[in-house]
Amino acid sequence: MEISMSNMNKYIMSLDQGTTSSRCILFDKQGRICSMAQKEFAQIYPEPGWVEHDPMEIWASQMSVVTEAVSRIGASADDIAALGITNQRETTVVWDRRTGRPIYNAIVWQCRRTADYINRLKCDGMEDYVRKTTGLVPDAYFSASKLAWILDNVEGARKDAAAGNLLFGTVDTWLIWNLTKGEVHVTDYTNASRTMMFDIHNLCWDKKIIEYFDIPEVMLPQVKPSGCVYGYTENSLFGGCIPIAGAAGDQQAALFGQCCFDAGEVKNTYGTGCFLLMNTGDKAVESKNGLLTTIAAGTDNDVQYALEGSIFVAGAGIQWLRDEMNILETSAQSEEYARSVEDTAGVYVVPAFTGLGAPYWNPYARGTVVGITRGCTKAHFVRAVLESMAYQTYDILKIMENESGVDIPKLKVDGGASKNDFLMQFQSDILNVDVLRPECVETTALGAAYLAGIAVGYWKDKDDIRKNWAISNTFHPDLADAGRQELLSGWERAVRCALAWAEA
Ligand SMILES: Nc1ncnc2c1ncn2[C@@H]1O[C@H](COP(=O)(O)OP(=O)(O)O)[C@@H](O)[C@H]1O
Ligand SMILES: O=P(O)(O)OC[C@H](O)CO
């Protein structure tokens with residue numbers, strides 16, 4: 001195998017496989033974007049509350065943006081020191097190792113089809129065990145019940161899996177397997193920690209949970225640190241072998257990309273969903289109020305942990321206004337509408353399209369709009385959807401402060417919707433803290449690049465990359481306390497309405 005290391009100083013390639021699009025970004029030593037390509041792909045909704053992706057389309061879209069990003073600057077495999085992958089987490093792919101073909105569509109993290117599996121698990125007295133072992137609140141969000149559903153519903157799947165013919169993977173695993181043409185079946189600690197099958201304390205697949213779901217261990221990938229050489233891209237794909245040296249779930253990658261390396265450091269990523277993570281160092285802090293304990297990205301086996309608040313619908317609400325409601329032409333337009341009115345005229349939107357995540361964990365809640373009067377316009381409605389991201393973040397941040405005992409005086413933000421200045425100002429107003437937006441909001445991809453780059457020596461260590469982090473904008477709070485409390489109390493009532501709907 002010929003591995004090009006001679007001219008390895010130019011770029012690190014990052015593949016960012018998100019919920020709605022695949023991206024490829026080439027970064028330089030200063031963490032600057034040198035080339036980027038992005039492609040949206042199809043969201044499949046076979047039934048209300050179900051969400052799927054076609055794994056072949058994920059792979060094809062990812063490869064097409066690689067080609068585009070590379071050719072834009074005339075780069076070749078020789079120019080790329082290493083490749084890092086970051087991905088939508090929990091989304092579950094099962095494929096046949098003999099053909100390389102998925103046996104079912106990828107079941108996406110947002111999909112609620114296995115809510116009953118989780119009810120059963122709770123009735124079977126497994127809740128506490130799962131909580132303690134995996135750090136997660138048992139929910140259909142995570143991979144375990146999705147994998148069990150595929151094995152239960154695709155004819156012959158369980159038998160084939162037991163015979164060692166089927167492989168399970170989250171999207172990182174699926175991409176690495178394809179990039180190495182079936183040579184490497186692997187995942188990293190961060191992605192494994194989202195499957196609800198992984199013991200986050202002993203760093204191994206948990207036998208009791210996989211037995212409970214009747215999942216053959218042989219189909220599970222090997223688990224490694226986020227920053228290490230997993231394998232090399234197969235020669236024909238890039239015209240050279242590039243080390244695949246980083247993989248991390250997108251939210252943990254963003255935490256790394258924001259240089260939140262020390263306990264107490266926090267970031268919030270506004271993408272399809274919104275995910276607030278706090279690094280808790282080598283302590284796996286257990287939440288009593290619906291936050292998750294998860295593994296943070298790192299480059300060795302001594303893992304660090306994070307506390308996470310997961311919001312299922314954030315930017316996806318804006319995308320819904322654009323694609324399903326045809327209220328917007330572009331996501332960015334939401335800012336113009338929001339600014340064209342003084343407030344939402346009392347309207348609240350609780351975008352519980354796929355249930356509510358932290359801190360409520362209610363899979364049956366559904367989207368709810370309250371407070372509509374005759375004067376409500378499109379602009380008020382759009383503004384209410386934007387504001388819902390900030391309110392959901394508030395709910396989580398307050399719990400995180402209580403549980404960690406850490407005061408959060410400022411919030412680092414990133415992700416697609418963090419480009420919205422109106423939203424960032426409103427976020428600062430509602431939280432009453434400074435909101436810091438870095439120059440590079442593609443922090444997820446940057447985190448994966450850093451992990452891969454450190455693993456191959458492109459960057460020396462964390463200190464070497466810390467100096468790349470720079471603020472672009474700081475949003476300072478500018479709302480009187482009484483106004484804030486009034487808005488928040490309306491939000492609390494709106495959430496109660498969404499939960500009441502679920503009870504019925
Ligand atoms: N200016 C904007 N204002 C509000 N939402 C936005 C804006 N730009 C993008 N978004 C939303 O952000 C999301 C895309 O962000 P991204 O970080 O690419 O998400 P993902 O990685 O989940 O695919 C989409 O849901 C989109 O609607
Ligand atoms: O696609 P994103 O960026 O919203 O991230 C999805 C999360 O990883 C789901 O846990």
Side-chain angles (χ1 to χ4, degrees), residues 55 89-98 102-109 111-174 177 184-224 249 284 286-287 292-295 301 303 305 308 310 361 363:
R89 306 166 303 168
E90 301 97 13
T91 296
T92 298
V93 188
V94 177
W95 67 98
D96 191 320
R97 66 156 83 230
R98 297 164 299 183
I103 64 163
Y104 192 79
N105 271 342
I107 302 187
V108 177
W109 58 275
C111 188
R112 306 278 91 204
R113 81 183 63 189
T114 52
D116 288 348
Y117 281 60
I118 302 301
N119 288 340
R120 213 176 309 138
L121 177 141
K122 289 178 182 165
C123 291
D124 291 341
M126 288 283 285
E127 187 171 2
D128 274 359
Y129 181 82
V130 169
R131 187 85 185 83
K132 288 211 155 45
T133 309
T134 67
L136 307 174
V137 175
D139 194 82
Y141 171 29
F142 308 107
S143 316
S145 63
K146 299 179 195 294
L147 171 53
W149 188 95
I150 293 176
L151 294 178
D152 285 342
N153 288 277
V154 176
E155 210 186 320
R158 225 173 258 286
K159 203 165 127 245
D160 258 349
N165 296 327
L166 301 186
L167 299 178
F168 154 80
T170 38
V171 170
D172 54 317
T173 306
W174 171 240
W177 197 82
V184 180
H185 184 224
V186 75
T187 189
D188 84 302
Y189 289 135
T190 66
N191 276 294
S193 73
R194 314 298 297 187
T195 59
M196 214 176 80
M197 297 184 275
F198 196 69
D199 179 337
I200 61 167
H201 311 287
N202 296 305
L203 304 182
C204 57
W205 296 114
D206 184 74
K207 293 215 185 304
K208 183 166 168 178
I209 298 175
I210 61 176
E211 262 167 38
Y212 176 80
F213 284 109
D214 197 10
I215 291 165
E217 192 166 354
V218 60
M219 69 187 305
L220 304 180
Q222 191 189 354
V223 191
K224 293 190 168 185
E286 213 178 292
S287 167
L292 307 175
T293 311
T294 201
I295 298 182
N301 281 307
V303 300
Y305 294 91
E308 170 173 326
S310 322
W361 295 106

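Please read these numbers as outputs of a predicted model, since none were measured by experiment.
Here E217 pairs with K207 under the salt bridge (Lys or Arg N to Asp or Glu O under 4.0 Å) rule; sequence neighbours left out. Partners of E90 by salt bridge (Lys or Arg N to Asp or Glu O under 4.0 Å), not counting sequence neighbours, listed by chain and number: R194. Residues satisfying the side chain to side chain contact (heavy atoms under 4.5 Å, CB included) criterion with P363, sequence neighbours excluded, are R112, A115.
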Verify side-chain contact (heavy atoms from CB on, under 4.5 Å) between T294 and I200, making sure each step is shown before the conclusion.
CA-CA 7 Å; T294 201; I200 61 167; over 6 Å; no

List the steps and the verdict of side-chain contact (heavy atoms from CB on, under 4.5 Å) for T92 and F168.
CA-CA 7 Å; T92 298; F168 154 80; 3.6 Å; yes

Steps toward side-chain contact (heavy atoms from CB on, under 4.5 Å) verdict (I295, L203)
CA-CA 10 Å; I295 298 182; L203 304 182; 3.7 Å; yes

As a quick check of understanding, evaluate side-chain contact (heavy atoms from CB on, under 4.5 Å) for L147 and M197, giving each step before the final call.
CA-CA 11 Å; L147 171 53; M197 297 184 275; 3.9 Å; yes

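The minimum heavy-atom distance between L292 and S310, with the atom names listed, is CD1-OG, 3.4 Å. Minimum interatomic distance between A140 and S145 (heavy atoms only, all atoms of both residues): CA-OG, 3.8 Å. Nearest heavy-atom pair, L136 versus S193, reported as atom, atom and distance to 0.1 Å: CD1-O, 3.5 Å. Taking both residues in full, the closest heavy atoms of G249 and T190 are given as N-OG1, 2.9 Å, listed atom of the first, atom of the second, then distance. Shown here for I150 and N105, the closest heavy-atom pair between the two residues is CD1-O, 4.3 Å.
Cation-pi geometry between R89 and W109 is not met: the NZ or CZ atom fails to fall both under 6.0 Å from the ring centre and inside 45° of the normal.
Remark: the backbone N or O of A144 is not paired with any side-chain donor or acceptor of T195 at under 3.5 angstrom. The backbone N or O of A106 lies less than 3.5 Å from no partner atom in the side chain of K146, so there is not a single donor-acceptor pair. Checking side-chain atoms of D139 against main-chain N and O of Y141 turns up a donor-acceptor pair under 3.5 Å.
The CH2 atom of W361 sits 10.5 Å away from atom CD1 of I118, with the distance rounded to the nearest 0.5 Å. For the atom pair CD (Q222) and OG1 (T187), the distance works out to 10.5 Å, reported to the nearest 0.5 Å.
With contacts defined as side-chain heavy-atom distances shorter than 4.5 Å, the pair L220/I215 qualifies. Considering only heavy atoms from C-beta on, L151 comes within 4.5 Å of P216 through its side chain. No side-chain heavy atom of V186 sits under 4.5 Å from any side-chain heavy atom of V223.
For residues 185-210, the set of pairs meeting the ring-ring contact (aromatic ring centres under 6.0 Å, His included) definition, not counting sequence neighbours, comprises W95-H185, F198-W205.
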Would you list the atom pairs, donor with acceptor, under 3.5 Å between side chains in residues 123-131 and any protein atom, with sequence neighbours excluded?
{"residue": "D124", "atom": "OD2", "partner": "Y212", "partner atom": "OH", "Å": "2.6"}
{"residue": "Y129", "atom": "OH", "partner": "D206", "partner atom": "OD1", "Å": "2.8"}
{"residue": "Y129", "atom": "OH", "partner": "D206", "partner atom": "OD2", "Å": "3.1"}
{"residue": "R131", "atom": "NH1", "partner": "G135", "partner atom": "O", "Å": "2.9"}
{"residue": "R131", "atom": "NH2", "partner": "S287", "partner atom": "O", "Å": "3.1"}
{"residue": "R131", "atom": "NH2", "partner": "L291", "partner atom": "O", "Å": "2.9"}

Which pairs of donor and acceptor atoms, one on a side chain in residues 157-167, lie under 3.5 Å apart (sequence neighbours left out)?
{"residue": "R158", "atom": "NE", "partner": "D152", "partner atom": "OD1", "Å": "3.4"}
{"residue": "R158", "atom": "NH1", "partner": "F213", "partner atom": "O", "Å": "3.4"}
{"residue": "R158", "atom": "NH1", "partner": "D214", "partner atom": "O", "Å": "2.3"}
{"residue": "R158", "atom": "NH2", "partner": "D152", "partner atom": "OD1", "Å": "2.4"}
{"residue": "D160", "atom": "OD1", "partner": "N165", "partner atom": "ND2", "Å": "3.3"}

